[in-house]
Amino acid sequence: MTQSKHPETLGVRAGSVHTEFGENSEAMFLTSSFVYNSAAQAAARFGGQEPGNIYSRFTNPTVTMFQDKLAALEGAEFCVATSSGMSAILACVMGLCSTGDHVVVSRSVFGTTVQLFGNILKRWGLDVTFVSLTDLGEWEAALKPNTKLLFVETPSNPLTEVCDITALADLAHRAGAQLVVDNCFCSPALQKPIELGADIIVHSATKYIDGQGRCLGGAVLGKKDVMEPVYGFLRTAGPTMSAFNAWVFLKGLETLSLRMDAHSRNALALAQWLEGQPQVARVYYPGLESHPQHALAMRQQKTGGGIVSFDLKGGQDAAWRMIDHTQLLSITANLGDAKSTITHPATTTHSRVTPEARAAAGIGDGLVRIAVGLEHIEDIRTDVERGLKAI
Ligand SMILES: *Cc1c(COP(=O)(O)O)cnc(C)c1O
């Protein structure tokens, strides 16, 4: 399907392949291996002379449909699906970097991403520098001759900081490096990093791509030649996406645009209301005029997205009391679900980050994050108000 179609149409139609049975909903190919007509055909498939499936660690038709649909939505040449968002980030680095290479990573990334770069990959000889997401000077100063990747999440988790993707991509390219954007918070329905100049996109499909909190999965997208070694790592090391999960994500992508618009409407209304509440010191939401990168966010993204964070004046005690007195919201760290979720980042998603690193990233003890779901906004607001009044 051509790129000229609208995103809503691509979400529903792109990438789908139908079998001889004429099914309208895409088929789920739960098979580990594929059968050949003859020994000669098996040899031709393994030798690469004949295209076709061999084994589901390499390719699987349901996973391929998911990859093609997401690639169409992101405007990417190629997509490789992975077993989780973390294995997408791992595959990206394992495919594109070697021991001794240098990467620059935003300090304001998902807590586990900090662990992966700052702990595990460092142990294997990757040179890692963490910098402030929004300070272009710090990025520039961190560059070295062996810098291979610049890695950002925008908007960031949980403070919704926004960086200028085009400016950072220019900086990366002048240094002979590539820019990787974790596009989890926006999804392609709200932001298209490759159009803005980024080279590589990583996704946790677990979040908005699924949209109903069912499965773990991830993806890496970019130019075909750049994705080749990433795919090579996956088919050899094995953290590939299961056909079942790919099928769930295929169905999720059909409603992505609609859902992201609805999440965004609810989030903006909640953020505006929170700004007027006496218990709240500060609200973090890119759609608010008070957000430091509001103008940039509105140029780069279709909306402010579905995540709202806020500082409570009463610190951790207030945050825990507020969370414990909500009744509708789910107390869980997941996001991107139809169900609104509420979490205390300092003691959950970012608890394994050192207190110093947490402070440097601006994640205070009074910070609460709500991933605003698809319930009616009045019911969400009533529940948050119940929590605030209990402080
Ligand atoms: C959840 C998340 C990840 C990790 O994804 P998993 O599917 O849980 O492995 C990476 N980046 C961001 C921004 C996330 O929110």
Side-chain angles (χ1 to χ4, degrees), residues 63 66 70 74 79-94 103 105-121 130 133 149 151-163 165 180-191 193 198 200-221 234 237-242 244-246 248-249 252 260 263 267 284 286 301 305-309 330 332-337 341-343 345 348-353 361 363 367 369-373:
V63 177
F66 165 73
L70 187 59
E74 285 285 15
C79 171
V80 283
T82 62
S83 58
S84 69
M86 291 319 301
S87 58
I89 299 170
L90 179 68
C92 180
V93 175
M94 293 304 239
V103 299
V105 181
S106 157
R107 224 173 260 130
S108 328
V109 287
F110 187 62
T112 314
T113 307
V114 177
Q115 292 298 314
L116 180 66
F117 277 107
N119 188 353
I120 295 176
L121 290 170
F130 288 99
L133 175 67
L149 301 175
F151 187 99
V152 296
E153 214 178 288
T154 179
S156 69
N157 181 18
L159 293 176
T160 74
E161 290 173 285
V162 174
C163 77
I165 293 176
V180 186
V181 176
D182 182 332
N183 201 26
C184 174
F185 264 40
C186 273
S187 90
L190 303 184
Q191 174 172 273
I200 297 158
I201 296 170
V202 296
H203 266 294
S204 168
T206 315
K207 313 293 170 52
Y208 287 110
I209 290 175
D210 177 326
Q212 294 180 55
R214 297 160 291 194
C215 290
L216 273 91
V220 192
L221 301 103
L234 278 168
T240 42
M241 179 178 282
S242 82
F244 178 85
N245 289 12
V248 171
F249 297 139
M260 292 314 292
H263 282 293
Y284 305 86
Q301 308 170 198
I307 314 287
V308 178
S309 295
S330 306
T332 176
N334 197 26
L335 61 94
D337 198 313
T341 64
I342 186 164
T343 192
T348 59
T349 53
H350 289 68
S351 61
R352 285 188 299 159
V353 179
I363 298 162
L367 187 75
R369 187 195 76 191
I370 296 181
V372 185

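All values below were derived from every heavy atom in this structure, side-chain atoms included, with hydrogens, water molecules and symmetry-related copies excluded. Whatever order the structure lists ligands and atoms in, that order sets their numbers, starting from 1.
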Between [X] and [Y] (side chain of the first, backbone of the second, donor and acceptor by atom type, cut-off under 3.5 Å), is there such a pair?
| X | Y | answer |
| --- | --- | --- |
| Thr82 | Gly218 | yes |
| Thr154 | Cys163 | yes |
| Glu161 | Ser108 | no |
| Gln301 | Pro286 | no |
| Asn183 | Gln191 | yes |

For ligand 1, is there an N or O atom under 3.5 Å from any N or O atom of [X]?
| X | value |
| --- | --- |
| Lys207 | yes |
| Met86 | yes |
| Thr113 | no |
| Gly85 | yes |
| Asp182 | yes |

* Kindly identify the option in Cys184, Ser204, Ser156, Ala333 whose heavy atom sits closest to atom 8 (O) of ligand 1. => Ser204
* Would you say Gly217 touches ligand 1, if touching means a heavy atom closer than 4.0 Å? -> yes
* Asked: What is the nearest protein non-hydrogen atom to atom 7 (O) of ligand 1, stated with its residue, atom name and distance?
  ->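 Checked against all protein heavy atoms, atom 7 (O) of ligand 1 sits closest to Thr206 OG1, 2.6 Å.
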* May I ask you to list the atoms of ligand 1 that are less than 4.0 angstrom from any heavy atom of Glu153? => 13 (C)
* Among Val105, Ile89, Val109, which residue meets the side chain to side chain contact (heavy atoms under 4.5 Å, CB included) test with Leu116? ->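 Exactly one option meets the side chain to side chain contact (heavy atoms under 4.5 Å, CB included) with Leu116, and it is Ile89.
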* Asked: Does Leu221 reach the side chain of His203, with side-chain heavy atoms less than 4.5 Å apart?
  ->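 Touching, per the 4.5 Å side-chain cut-off.
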